[in-house]
There are 2 protein chains.
Amino acid sequence: MSTAPTTETSLDASCCPPAEQPGISLEDAQQRAAVFKALADPNRLRLLSIVKAGESGEACVCDMTEPLDLGQPTVSHHLKILVEAGLLNREKRGTWAYYSLVPGALDRVTGLLASL
Amino acid sequence: MSTAPTTETSLDASCCPPAEQPGISLEDAQQRAAVFKALADPNRLRLLSIVKAGESGEACVCDMTEPLDLGQPTVSHHLKILVEAGLLNREKRGTWAYYSLVPGALDRVTGLLASL
DNA sequence: CAGCTATATCGATCGATGTCAATCCGTCGG
DNA sequence: CCGACGGATTGACATCGATCGATATAGCTG
């Protein structure tokens, strides 16, 4: 609206519940969005699926390049994103790198949705 | 690996379960990723949050531009994406457009995660 | 040690996406 | 009928992100 002060730089840190912004905060939203960004790619979803279906719940990079039909650097890049999002664990054994689901990570994502 | 036939153009449509690809299919992954793409933006998450917290579970555009500090066209654009993702309903009453959560939509997203 | 293999990192390219300004459409009030 | 207002659409622009080729690093093996 025209009457709304566009520069509302929180002049009120004193008495009453200030402004009562509806919904979640911007910071909160940014953190949650970061997780969904990691999930917002078909190949990353397939990576998660492959890891989840793997032998002992883990899989190495070489097992994932072929089914996805992607180059090895690309797969490595996607896996890094999933690790940084807190969804996958990375464990290096010898020459190979094994990735596994972080326990409870997907349930935590569910919580992000439910608490909107 | 080096011994894998890189051009595996499905020569087997006859007898046995062919190739047994691990994880979900590419098509399935693309559909799921489309939903997560809609969720992968902080402002869209805030929109969902505002709608959910609204009076009778709905909110109109003019109620959302200010808390998000975004232009009206941008908000309209984000809302359209959420509607196309099947997360929001749009109902126009007179001059105003009211948006509401599609019942069970978030639970369906949870299902997308659980069935990976 | 030399060479090979499995991954990770870097740099570049190109399409996807968030944002805004300008404009258009529909509805309401005079 | 016309001006004002809510909202959607369009076009432009800047940034982000997925992908690849080339290269670097680390561990195994002869």
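Just so it is clear, the values below take in all heavy atoms, side chains as well, and ignore hydrogens, waters and symmetry mates. Here is how names work: the chains are called A, B, and so on, in the same order as the sequence lines, proteins then strands, and each is numbered from 1.
- Within the structure, a side-chain polar atom (N or O) of A:Thr74 is placed less than 4.0 Å from OP1 or OP2 of D:dC20.
- Within 4.0 Å (heavy atoms only), B:Arg93 reaches no atom of the nucleic acid at all.
- When the P atom of D:dG17 is taken as reference, atom CG of B:Asp41 falls 11 Å away, rounded to whole Å.
- Mapping B:Asn43 and A:Arg90 onto DNA chain C by nearest heavy atom places A:Arg90 closer to the 5' end of the strand.
- Atoms CD (A:Gln30) and P (D:dC16) sit 13 Å apart, rounded to a whole Å.
- Place B:Trp96 and A:Ala40 on DNA chain D by their nearest nucleotides, and B:Trp96 ends up nearer the 5' end.
- Atom CG of B:Leu82 and atom P of C:dT17 are 14 Å apart (whole Å).
- For C:dT9, the OP1/OP2 oxygens have a side-chain nitrogen or oxygen of A:Lys80 closer than 4.0 Å.
- Across the protein-nucleic acid pair, B:Leu79 atom CG and D:dG6 atom C1' stand 13 Å apart, rounded to whole Å.
- To the nearest angstrom, P of C:dC10 lies 11 Å from NE2 of A:His77.
- Atom-to-atom, OH of A:Tyr98 to P of D:dG27 comes out at 15 Å; the value is rounded to the nearest Å.
- One finds the CG atom of B:Leu47 at 5.0 Å from the CG atom of B:Leu68 (value rounded to the nearest 0.5 Å).
- An OP1 or OP2 oxygen of D:dT19 is reached within less than 4.0 angstrom by a side-chain nitrogen or oxygen of A:His78.
- In this model, a side-chain donor or acceptor of A:Gln72 finds a partner on the base of C:dA8 within 3.5 Å.
- For the pair B:Leu70 CG and D:dG6 C1', the computed distance is 17 Å after rounding to whole Å.
- Distance SG/B:Cys60 to CG/B:Asp63: 4.0 Å, rounded to 0.5 Å.
- We find that CG of A:Leu88 is positioned 12 Å from P of C:dA8, with the value rounded to whole Å.
- Among the nucleotides D:dG27, D:dG7, C:dG18, the one closest to any side-chain atom of B:Cys60 is D:dG7.
- Side-chain contact between B:Leu70 and B:His78 is present, with heavy atoms from C-beta onward closer than 4.5 Å.
- At least one side-chain nitrogen or oxygen of B:Ser76 sits closer than 4.0 Å to the OP1 or OP2 atom of D:dA8.
- Remark: A:Arg44 is in phosphate contact with D:dA18, judged by side-chain N or O atoms under 4.0 Å from OP1 or OP2.
- Under the 3.5 Å distance criterion, the side-chain polar atoms of A:Arg46 are matched with a main-chain donor or acceptor of B:Ile24.
- Side-chain atoms of B:Thr95 lie closest to C:dG26 of the nucleotides C:dA6, C:dG26, D:dA18.
- Using a distance-only test at 3.5 Å, with no hydrogens or angles considered, no donor-acceptor pair links the side chain of B:Lys92 to the main chain of B:Ala97.
- Residue contacts for A:Tyr99: at a heavy-atom cut-off of 4.0 Å it reaches the sugar-phosphate backbone alone, with no base atom in range.
- When each of D:dT19, D:dA22, C:dA6 is scored by its nearest atom to the side-chain atoms of A:Pro73, the top-ranked nucleotide is D:dA22.
- For the residue pair A:Arg32 / B:Ser49, no side-chain donor-acceptor distance below 3.5 Å is found, with atom types taken as modelled.
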